[in-house]
Amino acid sequence: MNVGFIGTGNMGRTLVEAFIRSGKLKPSDIIINNRTRSKADRLAETHPGLRIADNSRELVRETPLFFLCIKPGEFRPVLDEIRETVRSEQIAVSITSPVMIRDLEEWLPAKVAKIIPSINHAVLAGNSLFVPGNRLTADDQQMLWNLFSAISQPLRIEEEHTRIASDLASCSPAFFAQLLESLANTAVKETGIPQSSALSLVNQMTQGLARLLAEGGFTLQSLQERVAVPGGITREGLDLLNKEVSPVFHELIQLTHAKYDHDVKKVKHSLGHTAKKNM
Ligand SMILES: NC(=O)C1=CN([C@@H]2O[C@H](COP(=O)(O)OP(=O)(O)OC[C@H]3O[C@@H](n4cnc5c(N)ncnc54)[C@H](O)[C@@H]3O)[C@@H](O)[C@H]2O)C=CC1
Ligand SMILES: O=C(O)[C@@H]1CCC=N1
């Protein structure tokens, strides 16, 4: 089956490469289009057989299933370009949280789903967040579920939980990378330990932590209990974190949701007075 990707920036490229790496798609199954042609060229050079469409209309003509891997503000021009070409039997998947399924369904006659991926799929890990639209048949849903099972663990969520689930699954790799980097850099400032050592210690620790959770039989809770010796040093740190970190995460979730609400409004405005009147 041909699968199309409109937008091969960070996440479009990650998805293309994950599907190829997993063996689920061959390069010859994939058609891409990107506004900046050179990005698409580079991806096609790395994966011989992968085809580049000259524009998104051409891509849509050749694929029963296509992904919209573009940012919220980039939807309007793409939808304007493809809407006359899209057919009702096609499946359009958005990977962008602030674009509502019902808005896409107003613009496109296609069967629509939202599937929010994460950088973790680059190593065929992490949850993909699966929000099927009403037009998808049970077979369509199964096909998409199987596709994403090759690169991730799909998790069905309600559209209203897209933001918080994305914070936890998709933004958190960056949030925790920054926290860990900050821990290492603070250690350098406080103690003079070489930065390379501090970064290496934190990096190796994180890899071990991931394996303890994946293969070691630990939960987040049991891991804390095992490390924090009663009356010991870790407990001091855990007590401080317990007190100080929760307000930070509270504020973080408020911020991501405020930005999301802002983006939802902007997208609605850009897609507003929809299409239908011109159809
Ligand atoms: N980066 C991440 O870890 C994740 C990103 N997402 C979502 O994926 C979406 C894309 O994010 P990124 O890939 O990080 O952004 P990006 O900016 O790296 O990629 C967007 C790509 O779309 C292309 N593009 C823009 N307009 C186009 C058009 N009219 N026709 C063809 N191509 C066009 C751009 O040239 C660019 O390569 C965002 O909405 C983001 O929220 C979702 C989950 C994780
Ligand atoms: O930063 C962003 O907007 C996207 C959403 C999920 C991960 N990255």
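One-based numbering, in listed order, for ligands and for the atoms of each. These numbers were taken from a predicted model, which means no experiment stands behind them.
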Inset, instruction - Would you check if there is a donor-acceptor pair between the side chains of R61 and T85 at a distance under 3.5 Å? - result: no
Legend entry - Distance-only side-chain donor-acceptor flag, T219 / S222, under 3.5 Å: yes
Inset, instruction - Please list, by chain and number, the protein residues whose heavy atoms come under 4.0 Å of ligand 2. - result: S170, C171
Inset, instruction - Return yes when atom CD of Q153 has more than 12 non-hydrogen atoms of other residues, nucleotides or ligands closer than 6.0 Å, and no otherwise. - result: no
Are there any protein N or O atoms under 3.5 Å from the N or O atoms of ligand 1? List them with distances, or say none.
{"residue": "ligand 1", "atom": "13 (O)", "partner": "N10", "partner atom": "N", "Å": "3.3"}
{"residue": "ligand 1", "atom": "13 (O)", "partner": "M11", "partner atom": "N", "Å": "2.8"}
{"residue": "ligand 1", "atom": "17 (O)", "partner": "K71", "partner atom": "NZ", "Å": "2.5"}
{"residue": "ligand 1", "atom": "18 (O)", "partner": "N10", "partner atom": "N", "Å": "2.9"}
{"residue": "ligand 1", "atom": "18 (O)", "partner": "N10", "partner atom": "ND2", "Å": "3.3"}
{"residue": "ligand 1", "atom": "32 (N)", "partner": "R35", "partner atom": "N", "Å": "2.9"}
{"residue": "ligand 1", "atom": "35 (O)", "partner": "N34", "partner atom": "OD1", "Å": "3.4"}
{"residue": "ligand 1", "atom": "35 (O)", "partner": "N34", "partner atom": "ND2", "Å": "3.2"}
{"residue": "ligand 1", "atom": "37 (O)", "partner": "G9", "partner atom": "N", "Å": "3.3"}
{"residue": "ligand 1", "atom": "37 (O)", "partner": "N34", "partner atom": "OD1", "Å": "2.8"}
{"residue": "ligand 1", "atom": "37 (O)", "partner": "N34", "partner atom": "ND2", "Å": "3.4"}
{"residue": "ligand 1", "atom": "37 (O)", "partner": "K39", "partner atom": "NZ", "Å": "2.8"}
{"residue": "ligand 1", "atom": "39 (O)", "partner": "I70", "partner atom": "O", "Å": "3.3"}
{"residue": "ligand 1", "atom": "39 (O)", "partner": "T96", "partner atom": "OG1", "Å": "3.0"}

Inset, instruction - Report yes or no: do T63 and N2 form a side-chain donor-acceptor pair below 3.5 Å? - result: no
Inset, instruction - For the pair F148 and I115, evaluate side chain to side chain contact (heavy atoms under 4.5 Å, CB included) and give the outcome as yes or no after the intermediate values. - result: CA-CA 9 Å; F148 273 81; I115 302 180; 3.7 Å; yes
Legend entry - Within residues 140-152 or reaching into it, pairs that qualify as salt bridge (Lys or Arg N to Asp or Glu O under 4.0 Å) - sequence neighbours excluded: K111-D140
Legend entry - Modelled atom types, side-chain donor and acceptor of S128 and S152, under 3.5 Å: yes
Inset, instruction - For residues 193-214, pull every pair meeting salt bridge (Lys or Arg N to Asp or Glu O under 4.0 Å), keeping only residues two or more places apart or in separate chains. - result: R211-E215
Inset, instruction - Tell me whether L50 is reachable from M11 by hopping between hydrophobic residues (I, L, V, M, F, W, Y) whose side-chain heavy atoms are closer than 4.5 Å. - result: yes
